[in-house]
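Beneath this line is the structure, given in structure tokens, with notes to follow.
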Amino acid sequence: MAQNTQNILQRSLRKEPTEKQLARGKHSALYKNEGWVGYLFMLPTLIFVAVFVVYPVLASLYITLYNWVGVGTPTQFVGLRHYLRVAQDPWFWNAFKNTILYTLILVPIQLSLSFVMAMILNNPRLRLRTFYRTIYFLPVVTSVTIVAVVLRLMLGNFGIQISQMLGIDPPVDPIGDPRFALLTVVAFGIWQTFGYNMVCFLAALQTVPAELYEAAKIDGANSLQVALHITLPIIRPMATVILFLALLGSMNVFEQSFVLTGGGPFFASEVVGGYIYSYAFGGVGRTPNVGYASAASVFMNILILGITLAQWFFTRNLNDSKPRAKAQ
Amino acid sequence: MTTLSLTRTVRTPFGKFEFRAGRFLLHAALLTIGLIYIYPFVWMVGSAFKTPGGFFTQGISPFPSVAEGFQWDNFVQAWNGANFSRYFLNSVVITVATTFFATLFVTMAAFALARLRVRGRNLILLILGATFFLPQGYTIIPIFQIVRALGLLNTISAVIIVGIAGGQVYGTIITYGFMRSIPREVEEAAIIDGATIFQRYWYVILPMARPVVATLVMFFSMWTWNSFFIPLVFTLGRPELRTLTVGMFAFVGERSSEWTLMCAAATISLLPIVLVYIFLQRYFIEGVAGAIKA
């Protein structure tokens, strides 16, 4: 009997529209045009993305299968031969080596320096902190091309003089000497994007609760201990993103080398971006072959994808293993 | 820090000042590094006032020689003779148009994705996200072909259109994230009052999304003003359509020995963005910081 009443009660309740159902009914009447108007709102973006992002990606993959100088329709089908040629070209690997060296020198130096600077400027009692932040961020907003032209003027004409002033003996030519050209490009890269990473770290530091610092101070921790055991673990997720973006940005380096040194002397500072450019548009004695340039680009992007995936797995394992190690 | 607490408090009419050896050394270091940091800019501005001879005798000194004085004429020559007035105008037109349309389209698309009931939203978001990770070929070449097919090669419009397209994916994703977080109630009040979808976009969501719009405007104008590759490729055949960055690059190739003019031209090119940055630096820095959090 009791069971029956309950069933009836439930059934009658089921017929009664719930509050949620009421809300949905009200909404469906009010939102009846949202579908097609929504597509209208998205239309410009969807067209731009389809025409200038998605199609070019697919077309650039198709081009890699052809020999093509860049005009007319590509006719000479070569299959995957371009990829084989890239993989066997010592000049590609030279440019790749330079790109990796650029990344491996730039990223650790720049990230540690910008982290330390962010720690210093994060102190709200430090006077002039806005002023310093403004100065260190300045190169980020300026054009790489124009700054590279200015630096080329300065280092090309007076580079030897500057190295003398810095006490380097014997003095070196930072741009003309093949042993130092790449290092100069790296230094330029560090200088140019240092402020960006500093600001990212400053944003990350804002997420650390002030109470934690106070607690650590009471426990008698010094600055280094605070940085290693409080700040770093808390900002680790954001630091991973910063590292990821820094690696990606460095491996796509192009203008820094292209304008400052032109990849020279004798390809000593040529990076993959410049190698591809020279095959796409000619220059440094190479015959343009758009199909080949595109294949080199795909090949490089696959290598970058592999490296970033490896980094992702590595940092994920690092993030996982830390708490476990502590628990033991 | 505790080892350097040589504190001395001085009372002045303006309040209490604390002098500490540690702080002083820190400031000295920060100022020195800061000066070295902006030295290329200082040198560039100074060298723009030098004579061709003075450029060499003064070397890396930022000052023109006292005897020769300031050569304002370098700026006149770069502005008129080297055509930087035209490049400047091109840069301004391209930057304003690209930033305006890119921001408009991005906020519209993000509004539709975040606030309206559209079928296939997840699919569209997935495609947008996937374009980040696709291994790309040299996409500038197909883009070049499309622009040629549209008959827009060697026009300012080509640079603007390709520039707008370049920021759509990134812009839509960060704006979508922000608009998603605006509470539903605000918009519901407008709906009950009979607001149209366009009114909801223009009068409700867009004003509430002001922080992200500021970030977009800042990023788009900075990217466009500084962009080099796209204007280079699409103005190869028409030198008068060059932007400042392309004009600067071409100047090096064409008149490689006029160093002081080059410095004057570089100063003209960098000055607007540096001035805007100094006055709006808070927005620049918050924009970058906000983008990394999202």
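Computed from a predicted model, the values in this text were never measured in an experiment.
A distance of 6.0 Å separates CD1 of Ile161(B) from CZ of Phe48(A), quoted to the nearest 0.5 Å. The distance from atom CD1 of Ile47(A) to atom CZ of Phe105(B), rounded to the nearest 0.5 Å, is 9.0 Å. Atom CD1 of residue Ile141(B) and atom OG of residue Ser297(A) lie 8.5 Å apart, to the nearest 0.5 angstrom. Atom CZ of Arg133(A) and atom CG of Leu30(B) lie 14.0 Å apart (nearest 0.5 Å).
In this structure, the portion of Asn123(A) lying under 4.5 Å from any heavy atom of chain B is its side chain and not its backbone. For Phe251(B), no part lies under 4.5 angstrom from a heavy atom of chain A. Heavy-atom distances place no part of Leu202(A) under 4.5 Å from chain B, backbone and side chain included. Heavy atoms of Leu43(A) lying under 4.5 Å from chain B are absent altogether. Contacts between Tyr277(A) and chain B at a heavy-atom distance below 4.5 Å involve backbone atoms as well as side-chain atoms. For Leu271(B), no part sits under 4.5 Å from any heavy atom of chain A, backbone or side chain. Interface residue Phe137(A): backbone and side-chain heavy atoms are both found under 4.5 Å from chain B. The parts of Thr245(B) that come within reach of chain A are both its backbone and its side chain, each placing non-hydrogen atoms under 4.5 angstrom from that chain. Using a 4.5 Å cut-off between heavy atoms, Leu31(B) contacts chain A through both its backbone and its side chain. Residue Phe131(A) touches chain B through its side chain alone, counting heavy-atom pairs closer than 4.5 Å. Within the 4.5 angstrom heavy-atom criterion, no atom of Val276(B) approaches chain A. Of the two parts of Trp259(B), the backbone and the side chain both hold a non-hydrogen atom closer than 4.5 Å to a non-hydrogen atom of chain A. In this structure, chain B has heavy atoms under 4.5 Å from both the backbone and the side chain of Thr142(A). Neither the backbone nor the side chain of Met300(A) has a heavy atom closer than 4.5 Å to any heavy atom of chain B. Only the backbone of Arg115(B) comes within contact range of chain A, judged by heavy atoms closer than 4.5 Å. Heavy-atom distances place the side chain of Val149(A), and not its backbone, under 4.5 Å from chain B.
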Working for side chain to side chain contact (heavy atoms under 4.5 Å, CB included), residues Leu232(B) and Phe281(A) | CA-CA 12 Å; Leu232(B) 173 77; Phe281(A) 296 96; over 6 Å; no
Report the C-alpha distance between Val37(A) and Thr196(B) in whole Å, list the side-chain angles of each, state the deciding distance to 0.1 Å, and finish with yes or no for side chain to side chain contact (heavy atoms under 4.5 Å, CB included).
-> CA-CA 10 Å; Val37(A) 179; Thr196(B) 64; over 6 Å; no
Take Val57(A) and Thr131(B) through the test side chain to side chain contact (heavy atoms under 4.5 Å, CB included) and record every step on the way to the result.
-> CA-CA 8 Å; Val57(A) 168; Thr131(B) 58; over 6 Å; no
Passes side chain to side chain contact (heavy atoms under 4.5 Å, CB included), Tyr277(B) versus Thr134(A)? Steps please.
-> CA-CA 9 Å; Tyr277(B) 164 65; Thr134(A) 308; 3.6 Å; yes
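Across Ala266(B) and Ile146(A), no two heavy atoms sit closer than the pair CB-CG2, 3.8 Å. Nearest heavy-atom pair across Gly38(A) and Val118(B) is CA-CG1, 3.6 Å. The heavy-atom pair separating Ile135(A) from Gly34(B) by the smallest distance is CG2-O, 3.7 Å. Among all heavy-atom pairs drawn from Val147(A) and Phe41(B), the shortest one is CG2-CE2, 3.9 Å. Looking at every heavy atom in both residues, Val106(B) comes nearest to Thr45(A) through N-OG1, 4.1 Å. Considering every non-hydrogen atom in both Leu270(B) and Ser143(A), the closest pair reads CD2-N, 4.0 Å.
Contact tally against chain B (heavy-atom pairs below 4.5 Å) for Ile304(A), Leu126(A), Leu46(A): the top residue is Leu126(A). Of the listed residues (Val144(A), Leu121(A), Val150(A), Val140(A)), the one with the most heavy-atom contacts under 4.5 Å to chain B is Val150(A). Ranked by heavy-atom pairs under 4.5 Å with chain A, the first of Ile146(B), Ile38(B), Ile273(B) is Ile146(B). When the candidates Met108(B), Met218(B), Met248(B) are compared by the number of heavy-atom contacts under 4.5 Å with chain A, Met108(B) comes out ahead. Note on Ile164(B), Thr107(B), Leu35(B): by heavy-atom pairs under 4.5 Å with chain A, the leading option is Ile164(B).
In this structure, Phe258(A) has its ring center closer than 6.0 angstrom to the ring center of Phe249(B).
The aromatic rings of Tyr132(A) and His27(B) sit tilted, their planes meeting at an angle between 30° and 60°. Ring orientation note: the planes of Tyr37(B) and Tyr136(A) are nearly perpendicular, at an angle over 60° on the 30°/60° scale.
At most 12 heavy atoms of other shown residues, nucleotides or ligands fall within 6.0 angstrom of atom CH2 in Trp202(B). Other residues, nucleotides and ligands contribute over 12 non-hydrogen atoms within 6.0 Å of the OH atom of Tyr83(A).
Here the side chain of Asn226(B) pairs a donor or acceptor atom with the backbone of Val141(A) at under 3.5 angstrom. Listed for the Tyr39(A) side chain is no donor-acceptor partner under 3.5 Å among the backbone atoms of Ala112(B).
Within the 4.5 Å cutoff, no side-chain heavy atoms of Phe101(B) are placed close to those of Pro44(A). Two residues are said to be in side-chain contact when any heavy atoms from C-beta on lie closer than 4.5 Å; Phe229(B) and Thr145(A) fail this criterion.
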Side-chain donor-acceptor contacts of residues 151-164 of chain A below 3.5 Å, not counting sequence neighbours, with atom names and distances?
{"unit_1": "Arg152(A)", "atom_1": "NH1", "unit_2": "Val259(A)", "atom_2": "O", "d": "3.2"}
{"unit_1": "Asn157(A)", "atom_1": "ND2", "unit_2": "Leu153(A)", "atom_2": "O", "d": "3.0"}
{"unit_1": "Ser163(A)", "atom_1": "OG", "unit_2": "Ile160(A)", "atom_2": "O", "d": "2.9"}
{"unit_1": "Ser163(A)", "atom_1": "OG", "unit_2": "Val172(A)", "atom_2": "N", "d": "3.0"}
{"unit_1": "Ser163(A)", "atom_1": "OG", "unit_2": "Val172(A)", "atom_2": "O", "d": "3.2"}

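When the side-chain hydrogen bond (donor to acceptor under 3.5 Å, both in side chains) test is applied to Ser91(B), no partner is found at least two apart in sequence or on another chain.
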